[in-house]
Amino acid sequence: MSRRAVILDVDTGHDDAVAIMMAGRDPAIELVGITVTAGNQTLPKTLRNTLNVCTALSIDTPVYAGMHGPVLAELETAPLIHGESGLDGPVFASVPRRAELGYAPVFIAETVMSRPARTVTLVATGPLSNIAMALRLEPALASRVGELVWMGGSAGRGNVTPSAEFNAYTDPEAASIIFSSGIPVVMIGLDVTTSVTLTGERLSALSRIPGPASEIFAASMERYRAACLRVIGESPAMHDPCCVAYVSAPGIFALARARVDVELQGRHTRGRTVVDFAAAGGRGHNAAVAVKVDAERFWAMLEAGLRRY
Ligand code: RIB
Ligand code: CA
């Protein structure tokens, strides 16, 4: 089976950490690099969290720091959910390795342009700040990126405001740049990620898996689940791991073509991804939007990912 070359762009928080674990040893994925942006927490914290997870699990993929904040907006982090560190819960014993010299948007642009067209998949599990800046550096990315798989947006309700999901809300200008660029986007939003929520029973079962990955998973998910129950009254959805599951096994998702526009002006709706499945008004579709996921196959993939360490 040929592996898909992937750059994973994260704002490591709790579910990003699980996405890194799943991607790190997936036989279907060549993890070419990990790029980090601010989002769940400030960049120094999301970078440290990313390096801690990679070091603890011997994931030797190069890590690059990127944007300290959105393209235009002020950064609004999510400490209520992810804690002051951005990854409250696990304690990492060793000193993490260092990030590479250089910048995430440059690494993204150089990597995509140095490989054959349409052979690199970008997987973004945070705000699209790094990828929008890479596109501004090198507009030809729009015709060279194989696919951009983004955890973000929603065809329905938001999770930061009634309209907006966190990754879109944090940097709506970046999302708007992406959706109007021509890059082939697969949007994996709240419409499907909220159908894979981590119940107490499932957390207990996954925590019993032997090995270092499940130890980090257990320590982080216990804290993440407690925060989600306290703040939003729900078990945590496995938002970011859905993107890795899609890259590894796209058949477990159902997609629908749509026109996606990002609201930038609305006082109450800024950051909303306006999803038009009918592509009314004759405007072309610009994304494939995930509308369903086979939850049991997703959970089996997450378990398999933890067992590989
Ligand atoms: O809305 C969920 C998304 O926002 C996830 O990527 C989570 O990590 C946060 O970044
Ligand atoms: Ca994230």
Side-chain angles (χ1 to χ4, degrees), residues 7-23 34-43 45-50 53 63 66-67 69-70 73 75-83 85-89 104 122-131 148-172 174-175 178 186-198 217 220-221 223-225 227-228 231-232 234-247 262 270-273 275 289-290 293 302:
I7 296 175
L8 181 60
D9 189 71
V10 295
D11 65 326
T12 304
H14 291 77
D15 54 332
D16 304 75
V18 181
I20 294 169
M21 293 187 211
M22 287 177 71
I34 299 175
T35 52
V36 188
T37 182
N40 285 321
Q41 262 297 354
T42 59
L43 179 66
K45 294 179 179 179
T46 57
L47 179 62
R48 185 193 59 221
N49 296 336
T50 303
V53 172
V63 175
M67 298 287 279
L75 177 64
E76 293 180 47
T77 57
L80 288 180
I81 298 292
H82 296 280
S85 72
L87 188 58
D88 281 11
L122 304 180
V123 176
T125 64
L128 289 167
S129 313
N130 282 337
I131 298 173
L148 166 58
V149 183
W150 178 47
M151 191 282 131
S154 171
R157 68 176 178 84
N159 61 359
V160 177
T161 71
S163 296
E165 175 279 327
F166 179 83
N167 290 334
Y169 176 82
T170 301
D171 198 344
I178 294 299
V186 174
M187 184 179 111
I188 299 186
L190 300 180
D191 316 284
V192 294
T193 63
T194 52
S195 57
V196 282
T197 55
L198 187 68
F217 179 87
S220 54
M221 290 299 109
R223 189 69 70 89
Y224 184 44
R225 185 163 184 273
C228 287
V231 175
I232 58 178
E234 297 171 1
S235 288
M238 293 290 95
H239 303 291
D240 298 339
C242 280
C243 287
V244 178
Y246 171 80
V247 170
V262 184
R270 174 170 162 82
R272 183 186 171 202
T273 48
V275 180
V289 176
V293 61
L302 194 158

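We use all heavy atoms of the structure for the numbers below, so side chains are in, but hydrogens, waters and symmetry mates are not. Counting starts at 1 for both ligands and their atoms, in listed order. These numbers were taken from a predicted model, which means no experiment stands behind them.
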Would you call [X] and [Y] a side-chain contact if the rule is heavy atoms closer than 4.5 Å?
X	Y	value
F166	D11	yes
N159	I232	no
R225	P236	yes

Element-labelled atoms of ligand 1 that are located less than 4.0 Å from some non-hydrogen atom of [X]:
X	value
M151	2 (C), 3 (C), 5 (C), 6 (O)
D11	10 (O)
F166	1 (O), 4 (O), 9 (C), 10 (O)

Residue pair [X] / [Y], side-chain donor-acceptor N/O under 3.5 Å:
X	Y	value
T35	D9	yes
T50	T12	yes
S85	D88	yes

Specify the protein heavy atom at minimum distance from [atom]: its residue, its atom name, and the distance to 0.1 Å.
atom	answer
atom 9 (C) of ligand 1	N40 OD1, 3.1 Å
atom 8 (O) of ligand 1	D15 OD1, 2.6 Å
atom 6 (O) of ligand 1	D240 OD1, 2.6 Å
atom 2 (C) of ligand 1	E165 OE2, 3.4 Å

TODO: Measure the spacing between CG of N167 and CG of D240 and express it to the nearest 0.5 Å.
DONE: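 Reported to 0.5 Å precision, the distance equals 6.5 Å.
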Task: Heteroatom of D11 nearest to the Ca ion (ligand 2) (N, O or S, atom name) - done: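 Within D11, restricted to N, O or S, the Ca ion (ligand 2) is closest to atom OD1.
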Open item on the list: Please name the atom of D240, limited to N, O or S, that comes nearest to the Ca ion (ligand 2).
Closed with: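 So the atom name we want here is OD2.
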Task: Contact check: H239 vs ligand 1, nitrogen or oxygen atoms, below 3.5 angstrom - done: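 In this structure, H239 places no N or O atom under 3.5 Å from an N or O of ligand 1.
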TODO: Verify the distance test for T125 against the Ca ion (ligand 2): any N/O/S atom under 3.0 Å, yes or no.
DONE: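 So T125 counts as coordinating the Ca ion (ligand 2), yes.
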Task: Side-chain (Q41) to main-chain (G83) donor-acceptor, under 3.5 angstrom - done: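 Checking the backbone N and O of G83 against the side chain of Q41, a donor-acceptor pair under 3.5 Å is found.
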Open item on the list: Heavy atoms only, cut-off 4.0 Å: how does D16 contact ligand 1, side chain, backbone, both, or neither?
Closed with: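 For D16, the contact with ligand 1 is made by the side chain alone.
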